[in-house]
Number of protein chains: 2
Amino acid sequence: MPPSAGRVTIRDVAAAAGVSRGTVSRVLNGEGYVSDHAREAIERAVRTVGYVPNTAARNLALNRSGAVGLVVHEPHELFLEDPNIGAILLGANEVLSTADQQLVSLVIDSERDTERVVRYLRGGFVDGAVVVSAREHDALLEAMQRTTLPTALVGRPPQGVEMPWVGIDNAGAAAAVTQLLVDRGRRRVGIIAVGLDRDSGADRLAGFRAALGPAFDPGLVVERPLYEYAAGRDAMRELLDRAPDVDGVFATSDAVAAGALEALLAAGRRVPEDVALVGFDDSSWARRCRPALTTVRQPARDLGAAAARLVLDQLSGIPAGPEGRLLPTEVVARDSA
Amino acid sequence: MPPSAGRVTIRDVAAAAGVSRGTVSRVLNGEGYVSDHAREAIERAVRTVGYVPNTAARNLALNRSGAVGLVVHEPHELFLEDPNIGAILLGANEVLSTADQQLVSLVIDSERDTERVVRYLRGGFVDGAVVVSAREHDALLEAMQRTTLPTALVGRPPQGVEMPWVGIDNAGAAAAVTQLLVDRGRRRVGIIAVGLDRDSGADRLAGFRAALGPAFDPGLVVERPLYEYAAGRDAMRELLDRAPDVDGVFATSDAVAAGALEALLAAGRRVPEDVALVGFDDSSWARRCRPALTTVRQPARDLGAAAARLVLDQLSGIPAGPEGRLLPTEVVARDSA
DNA sequence: GCTGGTTCTGTGCACGGTCACAGGCGACCG
DNA sequence: CGGTCGCCTGTGACCGTGCACAGAACCAGC
């Protein structure tokens with residue numbers, strides 16, 4: 001019984017103002033015919049008795065909640081490090097805020113979390129949901145698909161899942177930044193590919209491969225599950241072992257690129273003279289590194305905003321098709337390539 | 001009407017199982033006497049009709065919500081950069097998760113947000129709240145104080161606000177790390193003090209001052225509102241201008257210290273030989289810098305967990321006094337001092 | 001004064017659950 | 001065989017709100 005024991009209800013307001021519940025309800029929702037006299041009395045009564053509407057009851061009556069969930073499916077470490085997620089959250093918050101919808105963000109950190117989050121989402125707590133960083137065979141998405149809850153994804157959904165989404169052209173952006181390495185005259189170009197269990201990781205590898213064409217060498221591909229600094233460092237060491245003549249590297253996230261940079265410098269390679277290095281994300285890592293990283297900027301904030309709009313559209317009856325929308329990316333040329 | 005139009009209710013389950021609502025309710029809540037026959041029929045019916053409990057209705061009847069809010073009051077840029085907030089969130093999520101409570105995090109980014117968040121918190125959506133990074137004269141806290149909602153703060157509350165809280169001994173930790181500079185033989189020790197509008201910032205400055213005692217020189221204090229990389233860089237330039245003979249610097253956050261480091265190196269100072277530098281937080285900045293930063297580790301994750309426990313205690317009827325609890329910090333000696 | 005329209009207000013029901021209470025039913029006992 | 005007790009089940013009230021409907025009050029027109 002968290003709210004105060006004797007909760008103030010619309011009845012108390014009605015009694016204090018000397019009117020009926022219905023009239024109070026009309027005033028609170030600003031509709032229908034209400035006399036000025038009654039309106040003023042009610043507004044005064046609301047203040048004096050300290051009335052706060054009970055949203056649970058309101059939800060029940062209206063069958064809505066006034067809230068939209070943002071589900072982040074990401075292990076601890078990455079949630080902390082990944083700047084994109086924060087930006088997505090803020091972009092979504094901005095849009096929902098103007099629609100007077102409350103953003104509630106839910107972190108999935110284990111299987112038990114998934115189940116509880118699904119229960120939460122389907123339990124009438126939210127009117128819609130934005131799902132970030134879903135991956136292949138995602139239990140959450142499978143559960144969401146069996147719901148009519150208006151949902152939007154950030155990132156391309158896995159095969160077989162049909163939901164509205166916004167994302168970036170990961171393959172195209174990866175190809176563009178790979179092409180930059182080629183244009184700089186690099187002939188032995190490797191990749192540190194991370195997060196292959198989701199669309200972004202897989203697409204970046206595909207774009208890299210497409211850009212190199214026949215010059216693509218599977219021996220220069222190093223895979224890692226997580227996009228972390230340490231993973232980048234270790235992967236770069238492995239790549240140098242395997243192919244000491246490597247002269248260009250695409251690390252598919254800035255944190256990974258920063259780790260790779262450390263390994264390169266430690267191995268006595270000059271960057272970009274001996275090895276040109278590019279990252280992805282344009283996070284604070286990129287500006288912080290010495291040399292500063294050439295990378296790809298993705299409009300994370302806009303992605304969050306667009307996804308939120310997709311949800312709001314569905315709420316106002318505009319159906320959203322399963323076709324996705326791609327936001328533009330931009331290659332940011334700095335010093336590392 | 002986000003959930004599907006013809007929502008499956010407990011009545012449908014009762015009809016399908018050939019029993020009454022009351023019996024279904026008893027089975028779902030696992031209490032009272034129910035025959036095995038009825039239980040099995042109901043469990044089967046739940047699956048076949050696809051029943052999901054409506055939490056809004058449940059809340060209304062029980063006057064609870066099964067959720068706890070985490071309110072983060074932080075401008076955009078810092079929310080993205082600050083590793084502590086993410087760790088607090090995860091610590092809280094861990095504890096609440098075991099109590100089967102849903103953590104919902106709410107970001108306050110503008111005054112309009114404050115109002116909506118207060119409405120949300122008081123509207124029966126949550127059973128309790130954890131508030132992070134409140135500051136002096138916080139409209140949110142003032143509103144929360146007039147509520148009986150079980151609340152816990154991360155960080156010492158401002159003057160006049162009485163709420164249970166957990167935090168760290170900012171003054172003591174700042175004094176310890178300042179003392180380390182003194183022990184290294186530094187005589188002209190400056191500080192880049194940020195976030196003075198909240199307890200952490202003000203206390204760190206006070207601890208610094210106390211540690212130096214008579215050696216404290218107000219001319220070596222540079223203040224900045226936000227704890228950002230750029231702020232640290234600019235502040236360090238200012239400090240070097242003002243006092244070229246400075247030989248030790250306490251930057252009250254790692255991000256600020258990293259910025260200060262750039263400015264020092266750019267000015268041709270060797271670190272730590274010419275100027276010893278210490279930070280605060282032990283964030284990824286600290287390990288990433290060259291030289292790696294000497295800093296203070298604060299148990300952000302434990303802070304989140306402890307605050308969540310304070311809320312859960314109150315929910316189970318254990319009153320929490322306004323006295324705070326301090327978690328230990330640790331000076332991490334690396335290369336910068 | 002009756003009729004009809006407009007403006008305003010009160011009441012009952014619905015939303016989807018929980019819970020207290022009443023009572024049925026069988027077994028056991030005196 | 002009647003009473004008591006334990007197990008099980010159904011029913012009605014209630015949580016706090018929104019909404020539809022009925023009807024009251026007022027005014028104007030004939």
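Just so we're on the same page: letters track the sequence lines, and every chain starts at 1. These numbers were taken from a predicted model, which means no experiment stands behind them.
- For the side-chain contact (heavy atoms from CB on, under 4.5 Å) test, residues two or more places apart in sequence or in another chain that qualify with A:Ala56 are A:Asn54, B:Asn59.
- Rounded to whole angstrom, the span from the CG atom of B:Leu62 across to the P atom of C:dG17 amounts to 12 Å.
- For A:Arg156, the salt bridge (charged side-chain N to carboxylate O under 4.0 Å, His left out) test picks out A:Asp203, with sequence neighbours left out.
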Verify side chain to side chain contact (heavy atoms under 4.5 Å, CB included) between A:Ile88 and A:Arg301, making sure each step is shown before the conclusion.
CA-CA 5 Å; A:Ile88 288 168; A:Arg301 194 167 178 133; over 6 Å; no

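- Between the CD1 atom of A:Ile42 and the P atom of D:dT17 there is a distance of 13 Å, rounded to whole Å.
- Contact check of residues 51-59 of chain B against DNA chain C (heavy atom, cut-off under 4.0 Å) returns B:Tyr51, B:Val52, B:Pro53, B:Asn54, B:Ala57, B:Arg58.
- Partners of B:Arg119 according to the salt bridge (charged side-chain N to carboxylate O under 4.0 Å, His left out) rule, which considers only residues two or more places apart in sequence or in another chain, are A:Asp100.
- Between the CZ atom of B:Arg64 and the P atom of C:dT18 there is a distance of 10 Å, rounded to whole Å.
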For residues 16-30 of chain A, please give each side-chain donor-acceptor pair under 3.5 Å, one per line with the distance, not counting sequence neighbours.
{"from": "A:Ser20", "atom 1": "OG", "to": "A:Thr23", "atom 2": "OG1", "distance (Å)": "3.3"}
{"from": "A:Ser25", "atom 1": "OG", "to": "A:Asn29", "atom 2": "ND2", "distance (Å)": "3.4"}
{"from": "A:Asn29", "atom 1": "OD1", "to": "A:Arg58", "atom 2": "NH2", "distance (Å)": "2.7"}
{"from": "A:Asn29", "atom 1": "ND2", "to": "A:Ser25", "atom 2": "O", "distance (Å)": "2.8"}

Show which side-chain atoms of residues 36-52 of chain B pair as donor or acceptor with protein atoms under 3.5 Å away, not counting sequence neighbours.
{"from": "B:Thr48", "atom 1": "OG1", "to": "B:Arg44", "atom 2": "O", "distance (Å)": "3.4"}
{"from": "B:Thr48", "atom 1": "OG1", "to": "B:Ala45", "atom 2": "O", "distance (Å)": "3.1"}

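- End-to-end axis angle of the helix from C:dG1-D:dC30 to C:dG30-D:dC1, from C1' rotation axes over five pairs per end: 70° (rounded to 10 degrees).
- Atom CG of A:Asn63 is separated from atom P of D:dG18 by 14 Å (rounded to the nearest Å).
- Position along DNA chain C of the nearest nucleotide to B:Asn29 versus A:Leu60 favours A:Leu60 as the more 5'-ward residue.
- Remark: A:Leu121 CG to A:Leu106 CG distance equals 6.0 Å, nearest 0.5 Å.
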Protein proximity profile, nucleotides 3-13 of chain C - base contact B, sugar-phosphate-only contact S, no contact -, cut-off 4.0 Å on heavy atoms
----SBBBBBB

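- Sorted pairs that involve residues 145-167 of chain B and meet ring-ring contact (aromatic ring centres under 6.0 Å, His included), not counting sequence neighbours, are lacking altogether.
- The side chain to side chain donor-acceptor pair (under 3.5 Å) search around B:Ser97 returns A:Arg112, A:Asp113, A:Arg116, not counting sequence neighbours.
- Listed by chain and residue number, A:Arg135 satisfy the salt bridge (charged side-chain N to carboxylate O under 4.0 Å, His left out) test with A:Asp197 (two or more places apart in sequence, or in another chain).
- With sequence neighbours excluded, the residues forming a side chain to side chain donor-acceptor pair (under 3.5 Å) with A:Ser105 are B:Ser105, listed by chain and number.
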